[in-house]
Amino acid sequence: LQYYVHIAYYNGGIHYFNPEMDIFTHYSEDVERSDCLSFFFIGKMIEDKRGDVWICTEGGGLNHLNRQTGKITHYLADGKPGSIPFNNLKCIAYDDKADRLYVGTHTRGLFCFDILIRQVVSHYQPESTLFSLAVRNDKLYFLSAQGMFMMELKTNAISRVLPKEETLSGSNFIIDSANNIWITKGTGLLRSNLDNPENKQFYKYGENGLSNLPVLCMAEYQDKNVY
């Protein structure tokens with residue numbers, strides 16, 4: 001079984017680890033070169049079904065790393081038809097069925113990028129800042145400054161999942177196998193069940209075994225526990 005690891009630094013580019021050679025390759029910033037990133041400040045990134053990596057930068061648009069060739073393509077907000085609407089990108093999710101990316105921006109909402117045609121095909125909530133995205137069961141869940149929302153991918157209908165006051169200061173979330181949404185907030189963790197919204201619990205930092213330090217990211221593993 002072969003694997004690769006990509007490590008993003010907020011202000012230091014990306015490192016790629018090849019276990020066969022036991023070495024790291026560093027991708028730095030140079031918008032004029034096809035083997036470099038368009039911007040040094042990295043948001044989130046995701047892998048598509050080809051094994052390629054799509055990278056959000058917080059000032060240099062969307063970057064596509066072809067893992068086979070090492071070439072990086074930069075998609076910038078240049079005002080042309082089908083181009084991305086903004087260069088400050090915060091988060092990203094991948095719909096493998098449609099082969100599309102959903103990308104959240106700082107202050108310019110959410111857009112859908114079709115990988116096959118390499119163009120933006122939809123733009124939603126153009127005045128919102130998005131912090132985190134996830135695709136699950138033909139639905140897109142997203143956390144924004146206005147609250148937690150869900151969009152049906154087949155119809156693009158958007159509905160609210162959690163009110164703004166419950167997600168205030170939220171920065172990241174995951175959905176576990178029991179349909180619980182876990183949201184990192186400035187003061188603790190909020191857990192809310194998608195099937196039963198009244199089933200919710202808030203875990204304050206410094207209590208219930210949690211550290212006093214804020215949680216930045218989470219993941220559910222095969223043992224069904226959230227780390």
Side-chain angles (χ1 to χ4, degrees), residues 3-4 6 8 14 38 42-58 60-69 71-106 108-144 146-162 172-177 179-183 194-195 217-220:
Y3 70 93
Y4 303 89
H6 291 85
I14 289 176
S38 61
I42 305 301
K44 296 180 181 180
M45 56 186 179
I46 201 163
E47 185 179 73
D48 67 21
K49 59 187 177 184
R50 302 165 190 80
D52 293 347
V53 181
W54 294 84
I55 305 152
C56 293
T57 73
E58 298 191 2
L62 181 65
N63 286 195
H64 167 234
L65 170 60
N66 185 310
R67 201 174 71 182
Q68 298 298 318
T69 66
K71 179 182 177 181
I72 299 178
T73 304
H74 310 140
Y75 296 92
L76 305 173
D78 55 15
K80 297 178 182 178
S83 66
I84 67 173
F86 200 43
N87 283 328
N88 190 339
L89 310 181
K90 307 294 289 185
C91 51
I92 189 167
Y94 177 56
D95 178 9
D96 60 345
K97 292 182 180 179
D99 205 17
R100 288 181 168 184
L101 300 167
Y102 290 88
V103 184
T105 72
H106 176 69
R108 301 293 175 87
L110 165 73
F111 66 86
C112 176
F113 185 89
D114 191 301
I115 292 178
L116 292 179
I117 63 174
R118 295 293 201 269
Q119 288 187 356
V120 171
V121 293
S122 303
H123 189 196
Y124 314 93
Q125 297 195 330
E127 296 182 359
S128 299
T129 294
L130 274 75
F131 305 117
S132 188
L133 299 164
V135 173
R136 183 183 176 92
N137 298 329
D138 295 321
K139 298 178 176 66
L140 175 72
Y141 292 87
F142 57 95
L143 179 64
S144 76
Q146 282 70 45
M148 185 86 189
F149 296 86
M150 182 271 289
M151 182 172 71
E152 296 279 356
L153 295 182
K154 294 180 180 179
T155 64
N156 294 338
I158 297 175
S159 59
R160 183 182 292 274
V161 177
L162 291 171
N172 199 4
F173 76 91
I174 65 167
I175 303 174
D176 68 20
S177 56
N179 255 8
N180 292 309
I181 297 179
W182 296 81
I183 301 176
L194 287 173
D195 300 321
C217 55
M218 300 166 289
E220 181 186 22

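Everything numeric in this text was worked out from a predicted model, so none of it was measured.
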Peer 1: State, yes or no, whether a side-chain contact exists between Met151 and Ile158 at a heavy-atom distance under 4.5 Å.
Peer 2: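 Side-chain contact under 4.5 Å: yes.
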Peer 1: Using the side chain to side chain contact (heavy atoms under 4.5 Å, CB included) rule, take Ile92 and Tyr102 through it: C-alpha gap first, then chi angles, then the decisive distance, then the call.
Peer 2: CA-CA 6 Å; Ile92 189 167; Tyr102 290 88; over 6 Å; no
Peer 1: Nearest 0.5 angstrom please: Asp195 CG to Asn179 CG, how far?
Peer 2: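 Here the interatomic distance stands at 4.5 Å.
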Peer 1: Show the nearest heavy-atom pair for residues Ser128 and Gln146, with the distance to one decimal.
Peer 2: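 Looking at all heavy atoms of both residues, the shortest contact is OG-OE1, 3.0 Å.
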Peer 1: Check the pair Phe173 / Phe131 against side chain to side chain contact (heavy atoms under 4.5 Å, CB included), numbers first and verdict last.
Peer 2: CA-CA 9 Å; Phe173 76 91; Phe131 305 117; over 6 Å; no
Peer 1: Working to the nearest 0.5 angstrom, can you tell me the gap between Asn63 CG and Ile42 CD1?
Peer 2: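 Here the rounded value is 7.0 Å.
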Peer 1: Tell me yes or no: between the side chains of Gln125 and Ser144, is some donor less than 3.5 Å from an acceptor?
Peer 2: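 Result is no, nothing qualifies.
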Peer 1: For Asn87 and Gly60, indicate whether the former's side chain and the latter's backbone hold a donor-acceptor pair under 3.5 Å.
Peer 2: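 It does not hold such a pair.
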Peer 1: Rounded to the nearest 0.5 Å, what separation is found between the SG atom of Cys112 and the CG atom of Asp95?
Peer 2: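 Those atoms lie 8.0 Å apart.
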Peer 1: Does one side chain, of Trp54 or Asp48, offer a donor that lies under 3.5 Å from an acceptor on the other?
Peer 2: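 There is such a pair (donor and acceptor under 3.5 Å, judged by atom type) between the side chains of Trp54 and Asp48.
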Peer 1: Rounded to the nearest 0.5 Å, how far apart are CG of Asn156 and CG of Leu140?
Peer 2: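 Answer rounded to 0.5 Å: 10.0 Å.
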Peer 1: Side chains of Leu143 and Phe149, heavy atoms from C-beta outward: is any pair under 4.5 Å?
Peer 2: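 Leu143 does not reach Phe149 side chain to side chain.
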Peer 1: Which heavy atom of Phe86 sits nearest to which heavy atom of His106, and what is that distance?
Peer 2: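 Taking every non-hydrogen atom into account, CE2-O, 2.8 Å.
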Peer 1: Find out whether Ile175 and Asn180 are in side-chain contact, i.e. whether some heavy atom of one side chain is under 4.5 Å from a heavy atom of the other.
Peer 2: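 The answer is no, as the side chains (C-beta and beyond) never meet within the 4.5 Å cut-off.
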Peer 1: Could you walk me through whether Arg118 and His64 pass side chain to side chain contact (heavy atoms under 4.5 Å, CB included), step by step?
Peer 2: CA-CA 10 Å; Arg118 295 293 201 269; His64 167 234; 3.5 Å; yes
Peer 1: Between atom CG of Asn172 and atom CH2 of Trp182, what is the distance when rounded to the nearest 0.5 Å?
Peer 2: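 Answer for the CG-CH2 pair, Asn172 versus Trp182, is 14.0 Å.
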Peer 1: State, yes or no, whether a side-chain contact exists between Ile55 and Leu65 at a heavy-atom distance under 4.5 Å.
Peer 2: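 They are in contact (side-chain heavy atoms under 4.5 Å apart), so the answer is yes.
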Peer 1: In sequence, state the C-alpha distance, the side-chain angles, and the governing distance for Arg100 and Asp114, and then conclude on salt bridge (Lys or Arg N to Asp or Glu O under 4.0 Å).
Peer 2: CA-CA 5 Å; Arg100 288 181 168 184; Asp114 191 301; 3.1 Å; yes
Peer 1: Please find the pair of heavy atoms, one from Glu58 and one from Leu89, that lie closest to each other, and give the distance.
Peer 2: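 Smallest interatomic distance, heavy atoms only, reads CG-O, 3.5 Å.
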Peer 1: Heavy atoms, side chains only, cut-off 4.5 Å: are Met148 and Ile183 in contact?
Peer 2: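 A side-chain contact under 4.5 Å exists here.
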Peer 1: Using side-chain heavy atoms (C-beta onward) and a distance below 4.5 Å, is Ser132 in contact with Lys44?
Peer 2: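 Sidechains of Lys44 and Ser132: in contact.
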Peer 1: Specify the closest pair of heavy atoms between Met218 and Ile174, including all atoms of both residues, with the distance to one decimal.
Peer 2: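 Looking at all heavy atoms of both residues, the shortest contact is O-CG2, 3.5 Å.
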Peer 1: For the side chain of Glu220 and the backbone of Ser177, is there at least one donor-acceptor N/O pair under 3.5 Å apart?
Peer 2: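 At least one qualifying donor-acceptor pair exists.
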Peer 1: Can you name the closest pair of heavy atoms from Pro81 and Gln119 and give their distance?
Peer 2: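 Closest approach of Pro81 to Gln119, heavy atoms only: O-NE2, 4.4 Å.
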Peer 1: With a 6.0 Å cut-off (strictly less than), is the heavy-atom count around NZ of Lys97, excluding the residue itself, greater than 12?
Peer 2: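 No.
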Peer 1: Compute whether any side-chain donor of one residue and acceptor of the other, for Arg50 and Asn66, lie under 3.5 angstrom apart.
Peer 2: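 Side chains of Arg50 and Asn66: no pair found under 3.5 Å.
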Peer 1: Does Arg67 come within less than 4.0 Å of Asp52, counting only side-chain N to carboxylate O?
Peer 2: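 A salt bridge is absent here (no side-chain N lies under 4.0 Å from a carboxylate O).
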Peer 1: Can you confirm whether the side chains of Arg136 and Tyr141 place a donor and an acceptor under 3.5 Å from each other?
Peer 2: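 There is no such pair (donor and acceptor under 3.5 Å, judged by atom type) between the side chains of Arg136 and Tyr141.
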Peer 1: Is a donor on one side and an acceptor on the other found under 3.5 Å between the side chain of Asn137 and the backbone of Lys139?
Peer 2: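 Side chain of Asn137 to backbone of Lys139, a donor-acceptor pair under 3.5 Å: no, none is there.
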Peer 1: What are the two closest non-hydrogen atoms of Ser83 and Gly79, and how far apart are they?
Peer 2: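 Distance-wise, the nearest heavy atoms are OG-N, 3.6 Å.
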Peer 1: Measuring only between side-chain heavy atoms, which start at C-beta, is Tyr94 closer than 4.5 Å to Asp99?
Peer 2: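 They are in contact (side-chain heavy atoms under 4.5 Å apart), so the answer is yes.
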Peer 1: Can you check whether Thr105's main-chain N or O pairs, donor with acceptor, with Arg108's side chain at less than 3.5 Å?
Peer 2: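 Flag not set: sc Arg108 to bb Thr105 has no pair under 3.5 Å.
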Peer 1: Do Ile46 and Val53 come close enough that some side-chain heavy atom pair is under 4.5 Å?
Peer 2: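 No; the side chains remain at least 4.5 Å from each other.
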Peer 1: Once you round to the nearest 0.5 Å, how far does CG of Leu130 lie from SG of Cys91?
Peer 2: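 Going from the CG atom of Leu130 to the SG atom of Cys91 covers 5.0 Å.
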